[in-house]
Protein chains: 2
Amino acid sequence: MRKDSRLSRVLHILVHMAAIARPVTSEEMAEMISTNPVVVRRTMALLRDANYVTSTKGHHGGWLLAKPLANITLLDIHHALGESSIFTIGLSDEHSHCVIEQAVNTALKDVMDEAKALMLQRFGQITLDQLGADRISSYLNKG
Amino acid sequence: MRKDSRLSRVLHILVHMAAIARPVTSEEMAEMISTNPVVVRRTMALLRDANYVTSTKGHHGGWLLAKPLANITLLDIHHALGESSIFTIGLSDEHSHCVIEQAVNTALKDVMDEAKALMLQRFGQITLDQLGADRISSYLNKG
DNA sequence: TGAAAGGTAACTTTTATTGTTACATAAGAT
DNA sequence: ATCTTATGTAACAATAAAAGTTACCTTTCA
């Protein structure tokens, strides 16, 4: 299964955007993450749908943040990207009538649900403005 | 990303094995999980390498548990299947020199590590014999 | 009206899992 | 002895999801 790197990539872009006081084009963003503009538009469109960014066409167009990074959490962006499964571990479903299969799947699902809940809770505690600040303080601390 | 359903499938097989007092063939196991014997051998071979099962060739051959289910945890089996990533979320690595990318990835990695630690801890607390017992008691409780 | 931007559909590439075929080897049954 | 029943394994095909690419559209402003 190929990894979904959209969250990492789009967070990278958003933090850059906050430091650039003008519309940023898909072309520029594509260079930030070494891909092409269509891939960028595809992901950014989801954030626009959730009102975290706006886009304008034509000359001097591009993308702008719709709110300060301090008002956006990792969870917000995660959700904006859609409700896809976060685990590579899947449950079998060949014989859903088998009580053993049901017991196995219930046990696995309970654990995965708990881990997911923890992860989303942590994501909800981190705002995007902390990503820059965290980095600077750890840089100063480590030399 | 396609899900890795080996853990769920092989747990299903192991619990069945405990209830069958003779060597179980790959053919029989393949029917349990609706696949073919080669797929079964591929996964079971990993469990044999980790000494959870044994296999014998020829007439009346097949697979046997090497220890009681009570002595095997979900974590044991998870580890026996190899150290593959459990998350579909990947980190970008286009520009590892960019401090913003590093800050984003560190934040994501910290959260994922924490969620993974919780998941593995829970897996370590569940022995395979509980899968049958859990199911029966929940069945009785729910009617 | 031409250049610069986003919008989007359709298709290809990539990557990991799963499935399949084929054949070798081992061990007990006849 | 040799046939049958098993596992062992290599090589290849099918499947599925993300990412990449191409092509063409519309919008906006100089």
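Order of the sequence lines fixes the chain letters, A, B, ..., with proteins taken first and strands second; residue numbering starts at 1 for each chain.
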When we call it a touch if two heavy atoms are under 4.0 Å apart, what does B:Ser5 touch: a base, just sugar-phosphate, or nothing?
sugar-phosphate

With a 4.0 Å cut-off on heavy atoms, is B:Gly90 in touch with a base, just the backbone sugar-phosphate, or nothing at all?
nothing

So [Y] and [X], do their side chains get closer than 4.5 Å, heavy atoms only?
{"X": "B:Cys98", "Y": "A:His16", "result": "yes"}
{"X": "B:Asn105", "Y": "B:Ser92", "result": "yes"}
{"X": "B:Asp76", "Y": "B:Asn71", "result": "no"}

Rounded to whole Å, how long is the line connecting atom [atom1] of [X] with atom [atom2] of [N]?
{"X": "A:Trp63", "N": "C:dG6", "atom1": "CH2", "atom2": "P", "result": "7 Å"}
{"X": "B:Asp4", "N": "C:dG19", "atom1": "CG", "atom2": "C1'", "result": "14 Å"}
{"X": "A:Lys3", "N": "C:dT15", "atom1": "NZ", "atom2": "P", "result": "14 Å"}
{"X": "A:Asp49", "N": "C:dG6", "atom1": "CG", "atom2": "P", "result": "16 Å"}
{"X": "A:Lys57", "N": "D:dA30", "atom1": "NZ", "atom2": "P", "result": "17 Å"}
{"X": "A:Leu46", "N": "C:dG7", "atom1": "CG", "atom2": "C1'", "result": "13 Å"}
{"X": "A:Met29", "N": "C:dA5", "atom1": "CE", "atom2": "C1'", "result": "12 Å"}
{"X": "B:Leu91", "N": "D:dA19", "atom1": "CG", "atom2": "C1'", "result": "16 Å"}

Contact nearer the 5' end of DNA chain C, comparing B:Gly58 with B:Arg6:
B:Arg6

If you compare every side-chain N and O of [X] against the phosphate oxygens of [N] (OP1, OP2), does one of them come in below 4.0 Å?
{"X": "B:Arg41", "N": "C:dT25", "value": "no"}
{"X": "A:Ser26", "N": "C:dG6", "value": "yes"}
{"X": "A:Ser55", "N": "C:dG6", "value": "no"}
{"X": "B:Thr56", "N": "D:dA6", "value": "no"}
{"X": "A:Arg48", "N": "C:dG7", "value": "yes"}

Does the B:Ser55 side chain pair with the main chain of B:Ala45, one donor and one acceptor, at a distance under 3.5 Å?
no

Please state whether the base of D:dT28 and the side chain of A:His59 form at least one donor-acceptor pair under 3.5 Å?
no

Is there, by distance only and without an angle test, a donor paired with an acceptor across the side chain of A:Arg42 and the base of C:dG6 below 3.5 Å?
no

Among the candidates D:dA18, D:dT7, C:dG19, find the nucleotide nearest to the side-chain atoms of B:Asn36.
C:dG19

What do the steps show when you test B:Arg22 against B:Glu28 for salt bridge (Lys or Arg N to Asp or Glu O under 4.0 Å), and what is the final call?
CA-CA 12 Å; B:Arg22 56 170 174 77; B:Glu28 290 174 293; 3.0 Å; yes

A:His60 vs A:Val38, nearer the 5' end of DNA chain D by closest nucleotide
A:Val38

